[in-house]
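To keep things clear, I will list the structure first and then write my remarks on it.
Along the sequence shown, residues are numbered consecutively beginning with 1.
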Amino acid sequence: MKRNSKPKDEGLQQGRKAIDQLDKELVRLLAERMKAVQGIADVKRENPDAPLRDDTRERELFEVWSREAVDRDLSGYFAGRVLREILNWSRREQERRLRPKGEESTTGAVRVGYQGVPACYSDMAITKLFSTRDNKGLARQGFRSFAAAVDALEAGEIDYALLPIENTIAGSINDVYDLLARRNVTIVGEEIIDVEHCLVALPGTKLEDIRVVRSHPVALQQCGEFLDNLVGTVAESYHDTAGAARSIAVEKAVDVAAIASQESAEHYGLQVLARKVHDQRENMTRFLLIAREPEVFDQRMPSKSSLVISVNHRQGALLSCLQAFATQGVNLTKLESRPLAETPWEYMFYMDIEGRLDDPAVATALEELRVHTNRLKVLGSYPRCMLEGATVQVSVPQAPTKKKGEVKNGNSMPRIPASPKKSSALRLAGSREDASRTRVRIGGVEIGGPEFVLISGPCAIESREQVLEAAAMVKACGARIMRGGAFKPRSSPYSFQGLGFEGLDMLREAGRAYEMPVVTEVLRIEDAGRIAEKADMLQVGARNMQNFALLRELGRLDRPILLKRGMSATIDEVLMAAEYIMDAGNNQVVLCERGIRTFETATRATLDVSAVPVLKSRTHLPVIVDPSHAAGVRDLVLPLALAATAAGADGLIVEAHPHPDEALCDKDQALTRADLEELVHALRPIVAAQGRTL
Ligand code: PEP
Ligand code: MN
């Protein structure tokens, strides 16, 4: 035995030496090839008309490689696989060099957050994605949850977050979708990785020693068949795969294995007992790179845009949205529905389309989409991640080049550029060519349709008893929506400021009890989301009509907005305020004329009746009138209300109180039950004359 082993060893060593030499040469050639690729990328960079990909050339390359391989007694398939990988990285290298220079000048390391612990799949995706970005260094930070990573991103503690969005076996990751819809962040890239689950354990562990297999529930589910055959073991769920691997290392558990990646096994000093233990052959996860601001990328790169919409609650609304893409020849690559948490049995839809926002076809389709949506938020436009080796023909939309020095709009949401047809400043709020009008739904009530809508209730919510009594009263008089202020904007800091969230709960309870949706005013940006959870409609008061930050925040919500005219705002300014809300994604805006400041002092304000027909000719949005704050005194409310209705208002918002004498706010203008009854009686013939119902 011993005598023979020596020459055998020598042969082995010689063979290995030869291989080492060849491998070195291969790597040198790969590096040289990549240099040539970089040269080509630089030529393309200087020459924006040159196509990024040349499919004919790629096909030829495959043929040449295959032929050469077969001539040398090598499998053509094997050579093709190698070439595929080489082309893949060449493509990434080209894309990296086409990235605008400014992006590379980040001082210090780029901070990227992910959910999980080191060596998890997200961490691996970061390695892959950033290997082709010119970044001096990478500082990774693992977070406990997706939300925590997005919190850190919004707070500026990290530059990017990389979050998983879907898996080919398990489907969409809804929590991430919901975060994208709600938060002020944008998608700037994507990455796809192969998930190769392994069974990993402490070194020395044998398969038969294992009693527990620990992993993320989804991973356990993906390996169901394998685990069924592992007799005598039980599955134990853990919050992530790499964390399960780490726990074994920390606990030095000899009878526990984890389902995790090979990388995490290496990272935590574990041994791989079995590879590819998942049931389906293909197991891939797609990740999204999320940032605070959109990023510019070369227009020749195949791109994708993601949106979230909620549609009007009307027959065929979703179909109209899809039709808009079909008409413009925009390819829809994904459509996913999610229930709207605040409105049971209504849905929002996530969509991926091919192309960029500034592609004219995409821009036109999105403008069309707006007409049919309550809310439209663009989640981002970004370069598409090509599936490894895919040689399919991709259409690159011809987008206009971004001009130098183009300023960002201070709103981190990507903006849909004006379609070539529309150039007016009121792109969204302005009247439509076909004169169609928007109807805004508040709970089950629609403003802007055939019904004339009366909104009524006290100026302020003062107590549970008061608001319940007021609800009973206004309901009996014919009000369809109830008003009530929980946060009051008062001229004097010593006046009653409202009951806040406690008051809002009372208003909601009263609205529920008497089956009326409720509207209440929002004063502070930070309260908007919380108020939206309780109120059916949010009011922007006269004093806040040009609080642009507040308008933008309300634009991000999926709740109808009652926008009151500022007391010294022109009609153009009101419309621009509406434009702010709509530009941020919320199309459900109702305008309200409530009187303006003039030299006249006989009334609290001067009701601008002409604003009603003027607004109606300039916008497709519904217009209502508040005669109470214009009048300031009870007796003038009725005549002003009648005039506004005759002028064509879509509804009225009127203050009423069960005991006006006791009102803590605006007592002089509060209608009594009798006043309200009289008003409704007087309104009927005027409403009927306009072909509407009350
Ligand atoms: C209100 O409606 O309670 C209110 C304060 O109105 P305005 O903002 O129009 O003054
Ligand atoms: Mn008031």
Side-chain angles (χ1 to χ4, degrees), residues 21-66 68-69 79-110 112 124-138 159-160 162 188-193 287 289 291 295-304 356 381-394 396-399 401-402 404:
Q21 205 52 47
L22 286 167
D23 283 352
K24 216 169 160 177
E25 190 63 7
L26 269 177
V27 175
R28 190 187 64 75
L29 286 171
L30 280 176
E32 222 161 274
R33 191 186 192 283
M34 202 54 104
K35 274 216 189 83
V37 167
Q38 288 164 353
I40 290 179
D42 290 343
V43 172
K44 287 183 181 172
R45 186 180 186 140
E46 298 315 317
N47 182 3
D49 293 328
L52 211 57
R53 279 186 79 172
D54 185 342
D55 288 333
T56 323
R57 160 124 182 107
E58 282 191 11
R59 247 188 309 273
E60 280 168 9
L61 272 181
F62 274 102
E63 276 163 27
V64 170
W65 270 61
S66 168
E68 294 257 339
R81 291 282 302 210
V82 175
L83 177 62
R84 228 164 75 165
E85 199 57 30
I86 292 176
L87 289 183
N88 222 347
W89 287 94
S90 303
R91 217 176 287 139
R92 282 171 174 261
E93 181 60 22
Q94 285 203 22
E95 291 183 0
R96 181 177 71 87
R97 289 184 91 83
L98 285 169
R99 258 172 229 290
K101 279 284 179 212
E103 222 180 282
E104 299 158 16
S105 61
T106 327
T107 47
V110 174
V112 189
M124 286 160 62
I126 291 174
T127 306
K128 189 173 177 195
L129 180 83
F130 281 91
S131 66
T132 50
R133 287 184 155 235
D134 253 342
N135 292 309
K136 305 291 165 273
L138 214 51
D159 304 306
Y160 298 101
L162 191 78
V188 296
E190 65 173 353
E191 184 58 271
I192 296 172
I193 64 163
F287 292 82
L289 184 65
E295 288 179 354
V296 183
F297 56 95
D298 192 282
Q299 56 175 291
R300 287 165 296 177
M301 276 151 80
S303 55
K304 205 170 172 181
R356 319 159 43 113
S381 249
Y382 48 96
R384 234 163 80 194
C385 175
M386 305 305 289
L387 262 188
E388 314 290 86
T391 44
V392 284
Q393 180 72 44
V394 287
V396 183
Q398 285 309 302
T401 340
K402 191 170 170 117
K404 271 220 174 82

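Arg300 places a side-chain N or O within donor-acceptor distance of the main-chain N or O of Lys44, the cut-off being under 3.5 Å. No donor-acceptor pair closer than 3.5 Å links the side chain of Ser66 to the backbone N or O of Phe62. A donor-acceptor pair under 3.5 Å links the side-chain atoms of Glu190 to the main chain of Cys385, judged by distance alone. Counting only distance, with no hydrogens or angles, the side chain of Arg92 and the backbone of Ser131 share no donor-acceptor pair below 3.5 Å. In terms of modelled atom types and a separation under 3.5 Å, the side chain of Lys128 and the main chain of Ile192 share a donor-acceptor contact.
The CD atom of Glu191 sits 10.0 Å away from atom CZ of Phe130, with the distance rounded to the nearest 0.5 Å. Taking OG of Ser381 as the reference point, atom CD of Glu295 lies at 12.5 Å (rounded to 0.5 Å). Note: Phe287 CZ to Ile126 CD1 = 8.5 Å, rounded to the nearest 0.5 Å. Note that CZ of Arg45 and CD of Gln38 are 12.0 Å apart. Values are rounded to the nearest 0.5 Å. A distance of 11.0 Å separates CG of Leu61 from OG1 of Thr56, quoted to the nearest 0.5 Å. Arg84 contributes atom CZ, which lies 5.0 Å from atom CZ of Arg81 (distance to the nearest 0.5 angstrom).
Of the charged side-chain nitrogens involved, at least one lies within less than 4.0 Å of a carboxylate oxygen, so that Glu32 and Arg28 count as a salt-bridged pair.
Tyr160 places none of its side-chain heavy atoms less than 4.5 Å from the side chain of Leu129. You'll find the side chain of Val27 stays beyond 4.5 Å of the side chain of Asp23, heavy atoms only.
Dense packing is recorded around CD of Glu25, with more than 12 heavy atoms of other residues, nucleotides or ligands lying under 6.0 Å away. More than 12 non-hydrogen atoms from other residues, nucleotides or ligands lie less than 6.0 angstrom from CZ of Arg33.
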Trace of the side-chain hydrogen bond (donor to acceptor under 3.5 Å, both in side chains) decision for Glu85 with Trp89: CA-CA 6 Å; Glu85 199 57 30; Trp89 287 94; 3.0 Å; yes

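Leu162 and Ala125 get closest at one heavy-atom pair: CD2-CB, 3.5 Å.
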